[in-house]
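Everything on this sheet refers to the single structure shown next.
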2 protein chains.
Amino acid sequence: MVTVDGMALGRDYATQECSIARALEVVGERWTLLVIRDALYGVRRYNDFLVHLGIPRAVLAARLQTLTAEGILDKRRYQESPPRDEYVITDRGIALWPTLRSLGLWGREHFGEAPLRTFQHSVCGTELGTYGECPTCATAVPVEDVVMVPGPGLDPDPADPISRILLKPKRLLEPIEQPAAADPV
Amino acid sequence: MVTVDGMALGRDYATQECSIARALEVVGERWTLLVIRDALYGVRRYNDFLVHLGIPRAVLAARLQTLTAEGILDKRRYQESPPRDEYVITDRGIALWPTLRSLGLWGREHFGEAPLRTFQHSVCGTELGTYGECPTCATAVPVEDVVMVPGPGLDPDPADPISRILLKPKRLLEPIEQPAAADPV
DNA sequence: GAAGCTGATTCAATGAATGAACCTAGGGTG
DNA sequence: CACCCTAGGTTCATTCATTGAATCAGCTTC
């Protein structure tokens with residue numbers, strides 16, 4: 001019975017007086033930032049996260065709950081019969097875009113061979129800078145004005161349906177289109 | 001086959017074709033980003049990381065080894081007798097500054113009460129923007145021109161000596177001054 | 001030669017992640 | 001009604017990572 005309410009010593013970064021440590025307590029767990037990335041891409045449903053991330057179900061359920069509790073995702077009912085919920089990213093989650101943008105750019109520059117996806121300003125088509133700004137327009141670009149454009153490094157025939165949908169250019173935050181009916185090729 | 005040897009399936013984010021996932025495979029483990037943060041603050045020695053982070057020794061050793069192998073830290077000898085090594089952040093590690101800056105700002109804005117530290121452009125004193133740029137000078141600020149200034153939210157009498165040194169304003173990357181001799185109060 | 005500093009490694013106990021199986025509630029079809 | 005399907009989970013045994021304490025090794029100073 002070593003239970004301590006909230007956060008126990010040794011399990012978090014409690015001794016760190018630092019906003020970075022604070023942030024990492026919220027989004028620093030395994031899978032969490034990838035869930036937020038997917039939410040920015042427009043993924044909203046349990047099953048879509050599941051197949052796109054290849055995450056264990058138990059971990060996904062735990063992360064969705066934590067992120068909802070932290071105000072990063074918003075769990076909302078999108079149909080009543082049968083009752084179905086979706087997880088929509090909030091402003092607090094959207095505010096992580098500069099972090100994810102710069103992290104992705106770092107990964108691409110230092111570890112990527114071919115650019116997998118580029119992110120462009122929908123107004124002018126310029127690729128975004130390090131933190132998600134537009135070098136051409138010299139302004140911060142609202143996340144809803146960012147277009148994700150798949151690059152040549154992507155697998156042209158991925159296994160899961162969400163990756164297949166993400167092969168087409170797409171605005172961030174825009175919900176991914178659900179396949180209307182089973183219509184096998 | 002996107003497999004990179006050294007990473008086993010299921011333990012990493014191998015199925016993710018994404019630069020963010022790639023980056024998180026390198027810096028996404030527990031403690032790793034805090035080690036890099038400390039390295040940016042000028043921490044270089046095993047013992048300084050140890051006492052400042054409150055990290056288990058085994059984990060610190062593992063992280064330092066991984067980060068050195070990934071080219072984020074550079075292990076170099078700083079004295080021969082007795083042989084002593086220090087871990088100095090590389091350009092690849094410095095390139096993570098925008099990520100850490102935006103993550104810290106997010107943590108402060110959404111979870112922090114009082115600003116713990118501010119980061120200013122040494123040339124003009126302006127607080128940096130989201131990704132570490134200077135709004136006044138309208139330029140990207142090299143990390144060595146960033147001054148970390150402690151804020152009012154910090155514990156004025158922290159336990160470990162590194163935190164005590166970090167109570168004074170200090171340029172990033174500049175190595176922390178080692179206490180010359182034991183001089184107890 | 002005893003003690004100290006630095007930079008580690010080893011080890012038992014705990015906690016988290018994984019993957020497979022199972023569960024629930026509501027629909028749709030025959 | 002029986003049956004299968006889908007969406008969104010929970011449960012559980014196994015594996016893996018983290019933790020904190022103890023120990024170690026090289027070198028120096030007293």
Side-chain angles (χ1 to χ4, degrees), chain A residues 1-4 7-15 24-25 28-32 34-35 43-68 73 75-87 160-162 176 178-184, chain B residues 7-15 24-25 28-32 34-35 43-68 73 75-88 161-162 178-182 184:
Chain A
M1 307 299 169
V2 202
T3 48
V4 180
M7 296 273 192
L9 272 155
R11 262 203 291 287
D12 57 13
Y13 303 120
T15 61
L24 286 172
E25 284 180 6
E29 286 182 301
R30 191 156 158 66
W31 293 109
T32 300
L34 292 183
V35 171
V43 176
R44 294 184 168 190
R45 298 189 187 176
Y46 182 93
N47 235 289
D48 293 346
F49 285 110
L50 196 72
V51 298
H52 188 231
L53 291 172
I55 183 178
R57 307 178 83 91
V59 178
L60 176 60
R63 295 294 181 274
L64 291 176
Q65 212 179 333
T66 302
L67 288 172
T68 303
L73 297 179
K75 183 176 186 173
R76 66 169 70 145
R77 182 134 309 179
Y78 67 87
Q79 72 178 29
E80 286 297 338
S81 174
R84 291 282 181 268
D85 296 320
E86 60 185 1
Y87 296 87
D160 71 284
I162 304 303
I176 61 164
Q178 294 296 325
D183 198 37
Chain B
M7 297 274 191
L9 272 154
R11 262 200 293 286
D12 58 11
Y13 303 119
T15 61
L24 287 173
E25 284 180 6
E29 285 182 300
R30 190 157 159 65
W31 293 109
T32 299
L34 292 183
V35 171
V43 177
R44 294 183 168 190
R45 299 190 186 175
Y46 182 93
N47 235 288
D48 293 346
F49 284 111
L50 196 72
V51 300
H52 187 230
L53 291 171
I55 182 177
R57 306 177 87 90
V59 177
L60 177 60
R63 295 294 181 276
L64 291 175
Q65 213 179 331
T66 303
L67 288 172
T68 303
L73 298 179
K75 183 177 187 172
R76 65 169 73 144
R77 183 135 307 182
Y78 67 87
Q79 72 178 30
E80 285 297 336
S81 174
R84 292 283 180 267
D85 297 321
E86 60 185 3
Y87 296 88
V88 183
I162 305 302
Q178 294 296 325

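Values reported hereafter were calculated over all heavy atoms of this structure, with side chains retained and with hydrogens, waters and symmetry mates removed. So you know, we letter chains A, B, ... as the sequences are listed, proteins then strands, and number each from 1. Source: prediction; values computed, not measured.
- Distance alone, capped at 3.5 Å, is enough to place a donor-acceptor pair between the Gln79(A) side chain and the Pro82(A) backbone.
- Within the 4.5 Å cutoff, the side chain of Tyr87(B) has heavy atoms near those of the Lys75(B) side chain.
- Across the protein-nucleic acid pair, Gln79(A) atom CD and dG28(C) atom P stand 10 Å apart, rounded to whole Å.
- Contact check, Trp31(A) against dA16(C): no side-chain N or O comes under 4.0 Å of OP1 or OP2.
- In this structure, Tyr78(A) reaches the dG8(D) phosphate: one of its side-chain N or O atoms is under 4.0 Å from OP1 or OP2.
- Closest approach to the Tyr46(B) side chain among dC27(D), dT19(D), dG7(C) is made by dG7(C) (side chain taken as heavy atoms from C-beta onward).
- If Ala58(A) and Pro83(B) are placed on DNA chain C by their nearest nucleotide, the residue sitting closer to the 5' end is Pro83(B).
- For Asp85(A) and dT24(C), the CG to P distance is 19 Å, given to the nearest whole Å.
- Between the side chain of Thr32(B) and the main chain of Gly28(B), no donor-acceptor pair closer than 3.5 Å is present.
- The two residues Pro56(A) and Leu50(A) have their closest heavy-atom pair at C-CD1, 4.4 Å.
- As rounded to whole Å, 6 Å separates atom P of dG8(D) from atom CZ of Arg84(A).
- As judged by a 4.0 angstrom heavy-atom cut-off over every strand, Phe49(A) is placed among residues making no nucleic acid contact.
- The two atoms that bring Phe49(A) and Val43(A) nearest to each other are CZ-O, 3.4 Å, heavy atoms only.
- Here dT18(C) presents its P atom at 11 Å from CG of Leu34(A), a figure rounded to the nearest Å.
- As rounded to whole Å, 12 Å separates atom C1' of dT18(C) from atom CZ of Arg63(A).
- Atom-to-atom, CZ of Arg77(B) to C1' of dG7(C) comes out at 11 Å; the value is rounded to the nearest Å.
- Spacing between atom CZ of Arg57(A) and atom P of dA7(D) amounts to 10 Å, rounded to whole angstrom units.
- If you measure from atom CG of Asp48(B) to atom P of dA8(C), you get 13 Å, rounded to the nearest angstrom.
- Which of dA17(C), dG26(C), dC27(D) sits closest to the side chain of Pro82(A) comes down to dG26(C).
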